[in-house]
Structure formats: structure tokens, C-alpha cells
Amino acid sequence: MKSKILCDNHDYNPGQIEPYWQKAWQESAVYEPDLLVVKQPFYNLMMFPYPSAEGLHVGNMYAFCGSDIYGRFKRMQGYDVFEPIGLDGFGIHSENFALKIGQHPKNVIRRTEANFYRQLHAIGNAFDWSHRLETYDSNYYKWTQWIFIQLFKNGLAYRAKASVNWCPSCKTVLADEQVINKSKVKSQKSKVGTRVLPGDRQVCERCQSPVEKRELSQWFFKTTAYAQRLLDGLNKIDWSEKVKIAQRNWLGRSDGVLLKFSSDIERDSFIEVFTTRPDTIYGATFLALAPEHPSLPLIIDKSKGLLRQRIREYVDYSKNKSFEERRIKSKTGIKTNFHGVNPLSGEKVSIYIADYVLPSYGTGAIMGVPAHDQRDFEFAKEHGIEIIEVVSGGDISKEAFSGEGILVNSDKFNGLSSNTSIQRITQHIKSKHIGTTSVTWHLRDWIISRQRYWGSPIPIIYCQKCGDRGKSWFSTKEAKKFKILNLKFKIEMAGWYPVPEKDLPVELPYIKNFKPTGTGVSPLAQDPNFVKVKCPECGGEARRETDVSDTFLDSAWYFLRYPSIGMENGKWKMENFPWNPEITWKWLPVDMYIGGAEHSVLHLLYSRFLWKVFYDLGYFDFSAKSPKGQLGGSAKMPVSGWEEPFTKFRAHGLLISKGVKMSKSRGNIVTPDAYIEKYGADTLRCYLMFCGRFTQGGDFRDSGIEGMSRFLKRIWRLVQKNLKLRSFPSEKKIENLKLRGEAEYMMHKTIKRVTEDIESLDYNTAIAALMEWLNALEERAVGGSESAVGSRNKKNLQTTNYELVTREEVETLLLLLAPFAPHMTEELWQRLRAPINADKNQRISADANQQKSALWSIHQQPWPKFDPKLAESKKIVLVVEVNGRVRDKIEVDRGIDREEAEKLALKSNKVTKYLQNKRVKRVIFVPDKLINLVV
RNA sequence: GGUCCGGUGGUGAAAUAGGUAUACACGCAGCACUUAAAAUGCUGUCCGCGAGAGCGGGUGUGGGUUCGAGUCCCACCCGGACCACCA
């Protein structure tokens with residue numbers, strides 16, 4: 001390592017300092033803990049970016065810096081912090097960007113990768129660059145494919161027909177997250193008076209055409225099998241409450257009953273419905289089936305003449321209807337000639353087909369209770385169906401009453417409250433065997449397939465020959481080791497085989513015309529060399545699956561991969577298993593995860609799902625008996641156990657610009673590069689964190705950053721002058737100076753505030769605390785007050801006021817600021833620590849040996865400690881109120897008792913003026929805060 | 001329509017087991033330094049009345065609880081985020 005030459009200029013020059021220390025840190029691996037050896041692992045993770053656009057904007061930097069500050073803080077607290085970084089480069093975002101600029105994704109990604117990593121270096125985060133990963137690297141997606149295969153073999157990945165979002169203009173399937181509400185678009189364009197109305201259009205994010213539905217065969221992951229555990233697990237983890245709520249809502253557990261209405265469609269047939277309101281069953285005056293309901297073919301078959309024709313037309317019409325039409329407010333539907341019988345009232349009710357009934361929720365059929373459900377109410381009005389009130393409390397002539405009330409028109413349940421009757425009726429239904437209690441979820445299975453190019457090819461092979469004979473992987477010898485007992489599943493999967501694991505990865509071929517085809521087939525289908533493959537079972541001609549997997553699959557496990565990268569040891573080799581057992585045991589689950597709230601329900605839910613699958617499949621079983629190998633090193637005992645991947649998660653707020661959200665369409669995206677160039681990364685980092693509370697976001701304005709620049713310059717000057725003006729021969733003495741009084745209190749108070757504020761991510765107030773302390777230190781330096789420090793040479797004091805700031809204070813200030821401004825504090829720290837050349841009375845550069853010593857950097861120093869007693873002032877301002885109004889403030893000793901406080905309060909003229917000789921009826925005394933005299 | 005979060009000076013924002021509202025910073029004004037400007041430093045800066053001490057008002061609106069409410073409760077208005085015909 002070359003000798004470090006410390007910059008000796010007086011001026012703060014971030015352009016010179018920052019690259020210098022970034023290089024030095026990397027050369028001596030300050031941020032690269034030995035994952036196998038270190039004792040106190042702390043996995044500090046931030047959501048990795050998708051390099052889709054023109055580069056990182058300050059919103060991204062905001063998130064990364066916030067995470068980095070926490071990691072640096074933890075490192076100084078003695079943890080061995082691992083803070084990896086990578087790129088989520090596969091997926092529609094990146095592909096769309098490539099389409100937009102008319103270049104191939106494989107070429108674009110090389111440029112964006114370089115640009116992203118350049119920006120990520122420039123911001124000065126404590127990344128461990130030796131563990132980076134890119135999801136589009138075949139060394140990575142090999143294992144994404146492997147994961148797909150494990151799910152397939154365990155019956156958790158299956159193929160089925162499903163309606164998906166289809167954009168007729170872009171001619172492609174869209175992910176759910178690419179379908180947006182038109183009203184949103186409007187309100188973005190003109191802020192004036194647009195309101196979000198119900199039933200707004202669902203449009204394509206890119207071209208704004210209305211999105212349609214299409215029935216396509218898709219691969220699914222069975223997330224619904226884990227619904228209950230995904231819900232239960234939320235209680236074990238320390239996450240932002242709003243994210244937990246969002247997940248609970250998305251999982252959407254509804255408790256209700258499944259109820260059978262006997263029907264005359266066929267002999268002994270029935271229509272089953274789900275309801276959460278069994279108390280309203282007596283008011284069910286019709287049944288409505290989704291057009292996709294399984295009994296539709298039979299109904300059409302058994303209907304006659306014109307009606308048959310009309311039902312068929314209606315079903316076709318609604319199935320192909322765009323979302324826009326189907327979401328329209330009017331409730332369309334058609335009456336069949338069939339009937340059901342209300343199992344409680346015994347009334348005969350008509351069966352309708354109505355497309356406001358969703359096929360994918362509940363049973364795809366509902367009992368219509370117009371009096372107590374608004375949608376049913378509208379439908380009944382339109383179709384002249386009887387409306388019977390069974391819960392009193394509303395006015396059902398105007399609208400449905402969905403609240404709770406007292407039951408009427410409900411036979412023997414009349415007079416009961418909704419709550420009681422729900423229990424009683426449910427009991428009744430169960431005892432009569434006409435229904436059961438049931439749980440329905442909003443969560444649906446995860447559609448994995450994407451008919452796009454830029455993704456990980458789904459590693460599955462289809463063999464027509466085997467399929468015709470009803471054979472599949474599930475009829476192979478290997479499959480017997482797995483417990484897939486569902487016969488129907490085996491039949492449905494006929495012809496499908498996973499790619500043999502030894503053949504992974506299935507490389508994404510270079511396809512010149514990577515544009516979405518519009519035929520519902522991925523562009524990969526164009527490449528015969530890719531498609532043509534031998535059947536792994538019969539050896540005959542077969543074809544590959546040409547869809548790629550959803551990019552959310554790539555990002556659902558990346559954090560498991562990071563620590564293992566480049567860590568081949570013992571029995572574990574990268575090509576054997578995706579994560580090193582020893583390392584994984586030691587480093588996972590993630591200790592702190594920071595990311596955007598926009599991923600509350602997608603990424604964070606998918607990650608939890610996969611993790612639970614891995615757990616069930618024994619991939620975290622690293623015990624000696626496990627086939628995965630023996631365990632070594634010291635393991636951490638995760639607080640949340642091994643069933644959750646992220647022990648702690650905090651959502652950062654949204655950084656807005658000039659009052660509104662940053663977006664391309666508004667043209668208010670701020671890129672960090674120019675700011676780093678002008679002010680330096682440290683200033684930008686501090687300013688970003690000062691904009692507002694980290695978990696709530698902030699407003700980025702150019703004017704504000706100037707103030708932060710001033711703050712850092714003042715720190716620089718304080719330390720620099722303190723260093724320069726200090727006479728070296730007496731340095732020893734200065735070091736021994738003891739703080740006392742106000743100065744001591746200020747220091748301990750500031751350490752306390754900064755420590756607590758960083759822990760709770762309130763970085764803005766942590767910086768404010770540092771500013772307040774700096775103000776106090778400067779005041780002392782300029783004012784020359786002697787009282788703050790121990791005995792001093794008075795003569796010396798006149799010329800060297802900056803010496804009034806002690807070494808201890810200067811060092812503490814730098815340590816507290818280090819997570820926020822890592823480069824500048826490092827430079828000043830090294831200057832303070834540089835040895836002195838006695839002859840020249842100058843500091844000399846630290847040499848290579850010194851900096852090679854294990855803990856040379858400021859970022860490796862222990863975090864300052866505070867004494868809780870010293871962090872409290874000796875004196876406090878006691879507020880004196882009369883009848884709850886502030887009348888005086890008196891300075892008293894901390895810990896003053898009630899009697900003493902009252903005595904002092906009554907001495908104050910300002911107070912007695914308001915008492916006017918009236919008798920004090922009551923005295924409220926809040927220790928060390930206030931005394932309130934009530935007259 | 002649902003769920004959640006927020007609404008505090010000219011601006012970004014502090015302060016919640018109920019206890020000094022506006023910390024910290026920006027901006028602005030005045031002053032110092034300068035030939036001048038920049039930079040820097042100092043002083044002032046919630047609003048109204050007042051020369052001043054001081055008095056009164058004030059945390060989206062209207063009520064309530066309390067000795068005391070930015071904070072808790074009820075109703076409403078506005079903004080944002082996420083979800084959305086979920087039975």
C-alpha cells in the first residue's frame with residue numbers, strides 16, 4: 001500500500017478528499033468484513049436498484065444514504081457490518097428503457113451498470129464491493145431457475161389458464177404494477193381539481209391505452225398455500241406498521257361461511273356462495289354467478305332458444321370486455337331460467353349471470369342481498385329484484401345498509417344483534433349441514449410467466465409425446481421422493497419436465513428483435529436453437545418454455561445470495577448450492593432492511609413466501625445431520641426465528657422535489673451528479689438527511705443545500721483552526737483538559753441525542769443536534785469564555801481561542817458526524833491523529849503502516865458514549881402557569897420539589913398579578929417541567 | 001369506494017406515556033468587513049396592537065374531554081401513498 005499523503009490545504013475541498021478516501025477505504029477493505037471470521041455479524045441491507053433509467057436520482061440516493069448511515073453507526077457500535085449492493089437489472093423496466101432508446105438490452109445494461117456503479121461509488125457508501133451481484137448475470141439466474149425447479153418439484157409451481165392484463169397497443173402482457181388508474185395520470189398532468197373517482201380506467205403505464213383481459217396459459221407459484229403463515233409471521237417481526245397493515249390487507253383474510261343453495265340446474269345440484277354476513281341470509285333475493293363460473297357451460301347447454309343465445313352472448317361479451325367496461329358502475333347481468341332455494345327462508349330465488357361477480361374470489365358466485373350490499377342493491381334496482389330489509393338501522397329505500405343492526409324479517413333470529421346472529425346463524429347452518437365456516441383470501445397465486453424477452457428463461461421443457469401419454473416429471477422415479485399426492489395435479493402437468501439441474505443455467509439467447517410479439521408468445525420463441533430440446537425423459541423432440549419469469553422472482557432471494565458470493569470454502573462450491581450454509585447460518589436473516597413502501601406488498605411478500613418455502617424444504621437446515629453439510633462458525637440466533645427473512649424493516653419516506661413527487665413527466669427529477677460535483681457527496685448526504693424525517697420523506701430544494709455546505713465548512717474550520725492554533729509542545733496538556741459544567745453537559749446531551757436519533761432513523765434531528773452543538777462550540781471559541789475548561793494559560797487564550805474547544809470535543813464531534821459525512825470526517829480525523837514532527841512543529845503524514853493497522857479509519861472507531869447523568873442540565877426552566885396559561889418562567893435546580901417550586905412561583909410578581917389574592921384551589925406540579933396554579 | 005399517512009411561520013421542518021408551540025436550517029431585512037461584489041460574521045424575523053415593558057391571538061375547520069390539547073375523542077375539509085366491484 002502506498003503512503004498516504006494527507007491533504008494540507010486549509011480550504012475544504014471535497015473534490016479532492018472524497019475520491020482519495022474512497023480509494024483508501026477500498027484498498028484496505030474497511031467495509032469488507034471477513035464473513036467467516038467476524039464475531040458480531042450485522043446484515044445491513046437496502047433494496048437494490050433496477051437500473052432502468054438514465055441513472056440514479058437523488059430519491060435513490062436518499063434511500064441508500066439513509067441505510068448507509070445506519071450501517072456506519074452500527075459498525076462504530078462494534079458490529080461487523082455487511083452492506084452489499086447489486087443491480088436488479090432484469091425485467092420490464094430495463095427492457096422498456098432499451099426499447100425507448102432503440103438498443104438491445106444486453107448492450108444497454110453494460111452501460112447502465114457502469115454508470116450506476118460509478119454513481120454508487122461517488123456517494124461514498126460503505127458497500128462491500130466484493131459481494132455485488134446482478135440478477136441478469138447467468139451465475140445468478142442459474143439459481144433463480146434452480147429455485148423455480150424446486151418449487152415445481154414440490155408442487156408449488158403449476159401451469160394454468162388465467163386472465164392477464166393485456167395492452168392491445170403495446171401488444172403484450174403487462175404486470176399488475178404496469179397497470180395504472182387513468183385518474184392518476186390525469187391528476188399528474190393537471191393538478192387542478194382532479195379527483196379520483198371510482199371506476200376509473202385501468203390503462204397501460206406506457207401508452208395509456210385501456211388494458212384488456214386475455215386468457216393465457218401461465219406458470220403460477222402457489223403463494224396461497226402460505227397465506228395463513230404469511231399473515232401469522234407478521235406478528236413476529238419488527239417492521240414499519242404501515243407495511244404490515246398493507247400486507248394484512250393484501251392477504252385479505254375474510255372469515256365467513258360457505259353456503260349451499262340447492263338449484264334446479266340439474267338434479268341434486270347446488271350453488272355454493274361465500275359470505276361474511278350470514279346475518280343477512282334471509283335478505284338474499286337472488287343468486288349471481290360470474291361469467292367464468294364452472295356451471296356456465298351446463299346452464300347454456302340447458303337453456304333454450306333466444307335465452308340461450310343471449311346468455312352465451314353475455315358471457316362472451318363480459319369475458320372479452322376490457323377492464324374499463326367491466327368496471328363501469330352500472331351492474332349488467334342476465335337472468336337465467338334457473339332458480340335456487342334460500343336455505344334459511346326457503347324462498348325460491350332467480351339465478352343471474354353478472355360480471356360484477358369476480359371469478360377469482362370466493363366461489364365465483366354470490367347470494368345477492370340488495371338491502372345490505374350496495375352492489376347487490378344497484379343490481380336489484382336495475383333488474384327489478386325484490387329488496388328485503390333484514391337488518392334494521394338504515395334507509396333501504398335510498399341505498400343499501402351495510403352496517404350492523406337488529407335483525408328483522410329473519411324468522412327465529414329476529415331481534416338479535418348482527419353480531420349475535422352471525423354466530424347463531426353460522427351455528428345453525430353447520431348443524432343443518434347446509435354450509436360450513438370458511439376462510440377466503442384476497443391473495444392469489446403469483447403469476448410468474450412474462451411473455452417478454454429480458455428475464456430469466458423459465459427452466460421447463462414440454463414434451464408432446466409424453467404429454468399425450470399422460471406422462472410428466474411427476475411419473476418419474478425421482479418424483480417419488482417428493483410428496484405430490486394430488487392426482488389431478490399430476491394429470492394437468494402431463495408433458496412438463498424441469499430442465500435437468502446439471503444443464504442450468506438456461507442461458508438467455510441474444511435475440512435481435514426482442515420486441516414483444518403481440519401473439520402472447522415471448523420473443524424467445526423466434527429462436528429455434530433455443531426452443532428445440534430433447535425431452536429429458538424419453539429423449540424425443542421437445543420444446544422449451546419460452547416465457548421468462550417475473551422480475552420479482554429475481555429480487556425475492558437476492559439477499560440470500562449476497563453473503564455467499566466469492567465465499568467458496570469447505571464442501572461448499574458455488575456450483576453446488578446457491579448459498580454457503582456456514583455463511584448463511586451466520587449472517588441471515590437480514591438484521592436491518594430499508595426500502596421503499598411501494599414494495600410493501602409485492603417484493604416483501606414474495607421474499608417472505610420464498611423464504612418460507614426454503615425453510616420448509618430444509619434449505620436452512622444446516623445441522624450436521626443435514627445433507628446440506630456441516631455447520632461451522634458462530635451462529636446468530638435470529639430474533640424472529642428462521643421463519644422470516646427480514647428481522648427489521650423500515651420504509652423510508654418519499655423524497656419530493658419542489659413540493660411534488662419526482663417524475664419524468666413533471667420533469668423535476670434531480671440527479672445527484674451535479675450536486676456531488678459542486679458541493680461534494682458529504683454535503684449532499686447530509687442535506688438529503690436533513691430534508692425531513694427519514695421515514696416520512698422530505699422536499700429537496702436547491703436553496704437548502706447551501707446551508708448544509710456552510711455547516712460542513714464551519715466544522716472544517718473549527719477543527720482546522722483548533723489543530724493549527726494549538727501549540728504542539730503543550731499538546732499533551734491539552735489532551736488532558738477536562739470538560740466541566742455547561743460544556744460537558746452539551747457534549748453528553750449531543751451524544752445522547754445523536755445516538756438515539758440515528759437508532760430511530762431521525763437523521764434530521766440528529767444533524768440539528770450537531771448544529772446546535774457546533775453553534776455552542778463556536779460561541780465559546782469566539783467569546784473566549786474561560787469557564788468551560790480547566791485551568792488555562794490566560795495569555796495564551798487571547799490569541800488561540802479555538803483551543804478552548806478541547807480535543808475530546810473535536811474528536812467526539814467528528815465521530816458523531818462520521819456516518820453522515822464519512823469523507824470529511826475521515827480527513828480531519830487523520831489530521832488530528834497524524835504524528836507531530838517536533839523539529840518543524842508540524843504534523844506529518846500518517847504512513848502506510850499506521851493505516852494498515854486494522855482499525856485506522858474513523859469509521860472503525862468506537863461510537864462515543866454518554867453518561868445519562870451528565871446529559872441532563874443542572875438547571876432547568878420551570879414554567880409557572882396560572883389556570884393553564886404561562887405567566888412566568890423561572891430557572892431552578894433540577895429535581896426541585898413541589899413545595900419549593902410553589903414557594904418560588906408565589907414569589908413571582910408576574911404570577912401574583914394573576915392570582916389577585918384569590919385562593920389557590922389546586923396545584924399541578926410536573927417535576928422539572930412546570931407548576932400550574934389553579935384559582 | 002377501502003386502508004393508511006399527513007395538514008404547524010414567507011419556506012423545508014422540530015416538539016406526541018397531554019405540560020414553554022415553531023428547535024435546526026433556508027429565505028428575507030439591517031449592520032460589519034470590502035473600492036465593489038462574492039464569501040464570511042453579527043443582529044432581527046409567527047401574527048396583531050404598542051415607543052416600550054407588555055397584552056391579545058395562533059398548529060386545516062367545528063365541537064368535546066382536561067388545570068392544561070399540535071398531541072387524546074367525535075364530525076368535517078384538504079393533500080399524499082397504496083389497494084380497489086374482495087361478497
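The chains referred to below are lettered A, B, ... by the order of the sequence lines, with proteins before strands, and numbering in each begins at 1. These numbers were taken from a predicted model, which means no experiment stands behind them.
The nucleotide B/rC55 finds its pairing partner in B/rG48, both defining distances of the Watson-Crick or G-U wobble pair being shorter than 3.5 Å. The partner of B/rG79, taking Watson-Crick or G-U wobble pairs whose two distances both stay under 3.5 Å, is B/rC5. Remark: B/rG41 base-pairs with B/rC31. Criterion, Watson-Crick or G-U wobble with two distances under 3.5 Å. Remark: B/rA69 base-pairs with no nucleotide in the shown strands. Criterion, Watson-Crick or G-U wobble with two distances under 3.5 Å. Using Watson-Crick or G-U wobble geometry with both donor-acceptor distances under 3.5 Å, B/rA13 finds no partner in any strand shown. Under the Watson-Crick and G-U wobble criteria, each requiring two contacts below 3.5 Å, nucleotide B/rU22 is left unpaired.
Note on ring orientation: taking the six-membered ring where Trp is involved, the planes of A/Tyr679 and A/Tyr675 are parallel (angle under 30°, cut-offs 30° and 60°).
Taking atom P in both B/rC33 and B/rA21, one finds a spacing of 40 Å when rounded to whole Å. Between B/rA53 and B/rC4, the two C1' atoms lie 50 Å apart (nearest whole Å).
Checking side-chain atoms of A/Arg608 against main-chain N and O of A/Leu230 turns up a donor-acceptor pair under 3.5 Å.
Taking atom CG of A/Leu761 as the reference point, atom P of B/rA14 lies 14 Å away to the nearest angstrom. In this entry the distance linking CG of A/Leu655 with P of B/rA13 reads 10 Å, nearest Å.
Under 4.0 Å is where a charged nitrogen must lie from a carboxylate oxygen, and between A/Glu881 and A/Arg887 no such pair does.
A/Tyr687 has its ring centre no less than 6.0 Å from the ring centre of A/Phe711.
Between A/Leu930 and A/Arg710, it is A/Leu930 whose nearest contact on RNA chain B lies nearer the 5' terminus.
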